[in-house]
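Everything on this sheet refers to the single structure shown next.
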Amino acid sequence: MLKLYNTLTKKKEIFKPMKDKKVNLFICGLTVYDYVHIGHAKTYIQFDFLVKYLRWKGFKVFYLQNVTDIDDRIIKKANDTKQNWKSLALKFEKEYLEDTKNLDIDSINKYARATDFIPQIIDQVNRLVKKGYAYETEDGIYFEVKKFKEYGKLSGQDLNKIIAGSRIDINEKKKNSEDFVLWKKQKPNEPFWESPFGNGRPGWHIEDTAITEHFFGSQYDLHGGAIDLIFPHHECEIAQQEAASGKKPFVKYWVHTAFLNMGSEKMSKSLGNIIRIKDVLKKYDLKVIRYLFISQHYRTTLTYSEELLEQAKNSLQRLQETIYFLKKGKDNKKSLLLIKKARIKIERALDNDLDTPIAFSVLFELSKNLNKIGGGRKSLEFFKEINHFLGIFDFGEANIPKEIIKIAEKRLKARSQKNWQESDKLREKLKKKGYLIEDIEDTYSIKQIS
Ligand SMILES: [Zn+2]
């Protein structure tokens, strides 16, 4: 049985969705005002892995992600660069979708833009006002934190300490320093929507709960994001939705991924220490990046370095070589037994809060043993099966034309007969046709020259 660490209860719990094997899952998406950096890639690859693993285990997951396309930062950047806020948001949304595609993050069922859910947002704000949880000021509608007694339960903070520790932003006209904004009234030169509380735009926290309430109702199974979203963002979401519906828990399992640091700091736009994923992808295959983030536990903080990527590249290459080797081999009793045992061990590790470091140590041990005793089609099938959620292996050939394979096979035969002249001739022939052949012990791998 799968166990996940739940930030809300602060322990590992058996994962049991609210209804049968159906999982409604929501991950905070990007604020689209700049390029995706490698820290985002860590978050979204790790959740892509979780969703794919859940599906592999037979859960029917609906993966929803929002797109924050209206925000102070978007407006500021649009004003600073003299462009329209909407076209700026659309440009970076397109970049985001392209980057996720380039990372093989394809598990998301629906992207929901905040600005497509304004009526739902207004409706939720309205209910909070009517129920007495929110109040109006001259610059907006605010949620009165004191009214929600359980505020702080996700981040494990005492409400009184939160109240004592919060400061009023001089630009805000709210009653209490800890209150947070639900609706911002229009300021000059800002985009706005009409609402019963005047022209304005939504606050950040409310878009998530309005969107998830629209798709999932007032309660759902799993909400995730990077660890910095626990407070205040996710804490505010709980307050909004549980206050609006009177039902709890709003979300059954809260899952948070640790940071990717740059030196001793978090990687973030405001610190100016970001590395764009586009630039990393120029140098490293997407599978190397996926391997790096999946092989490390999602709750472990990583410090970015190029050495880390180099190590990942080498480790992945070792596993990949086993795959090439298995293509040419035959299964035997020993290899089949090894596969059977490894399968159990890997699933057991992943069921324990996605313990990928253990799962990969099992995989490396298996790979080492198969290299010794051999293995064939059934061993390869196993690698293909786990690749459904790992997404790091290349089984090649599928896209290589038959004609090319034929030449490669001919060359393999020439090599086994030590006919080096013929072998070199065939290598050249392949090169002319745009394919690179690499010898691996008594087999080969072919790659298209890009
Ligand atoms: Zn969010």
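Counting starts at 1 for both ligands and their atoms, in listed order. Here the structure is a predicted model, which is why all the values come from computation and not from measurement.
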_Partner set under side chain to side chain donor-acceptor pair (under 3.5 Å) for D208, not counting sequence neighbours_ =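 Scan of D208 (side chain to side chain donor-acceptor pair (under 3.5 Å), adjacent residues dropped) gives N66, H233.
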
*What are the protein N, O or S atoms, given as residue plus atom name, that sit under 2.8 Å from the Zn ion (ligand 1)?*
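Near the Zn ion (ligand 1), the protein supplies C28 SG, D208 OD2, H233 NE2.
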
*Between F180 and F143, what is the ring plane arrangement, given parallel below 30°, perpendicular above 60°, and tilted in between?*
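Because their plane-to-plane angle is under 30°, the rings of F180 and F143 count as parallel.
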
*asked:* To the nearest 0.5 Å, what is the distance between CZ on F259 and NZ on K42?
replied: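 If I round to the nearest 0.5 Å, the distance is 9.5 Å.
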
*Value rounded to 0.5 Å, distance of OG1 in T257 from CD in Q46*: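 Separation between the atoms: 5.5 Å.
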
*Residues that V181 engages under side chain to side chain contact (heavy atoms under 4.5 Å, CB included), provided they are two or more places apart*: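 Listed in chain order: Y142, K184.
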
*Please collect all ring pair (Phe, Tyr, Trp, His ring centres under 6.0 Å) contacts where either partner lies in residues 288-315, sequence neighbours excluded, each pair once.*
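Only Y291-F360 qualify under ring pair (Phe, Tyr, Trp, His ring centres under 6.0 Å).
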
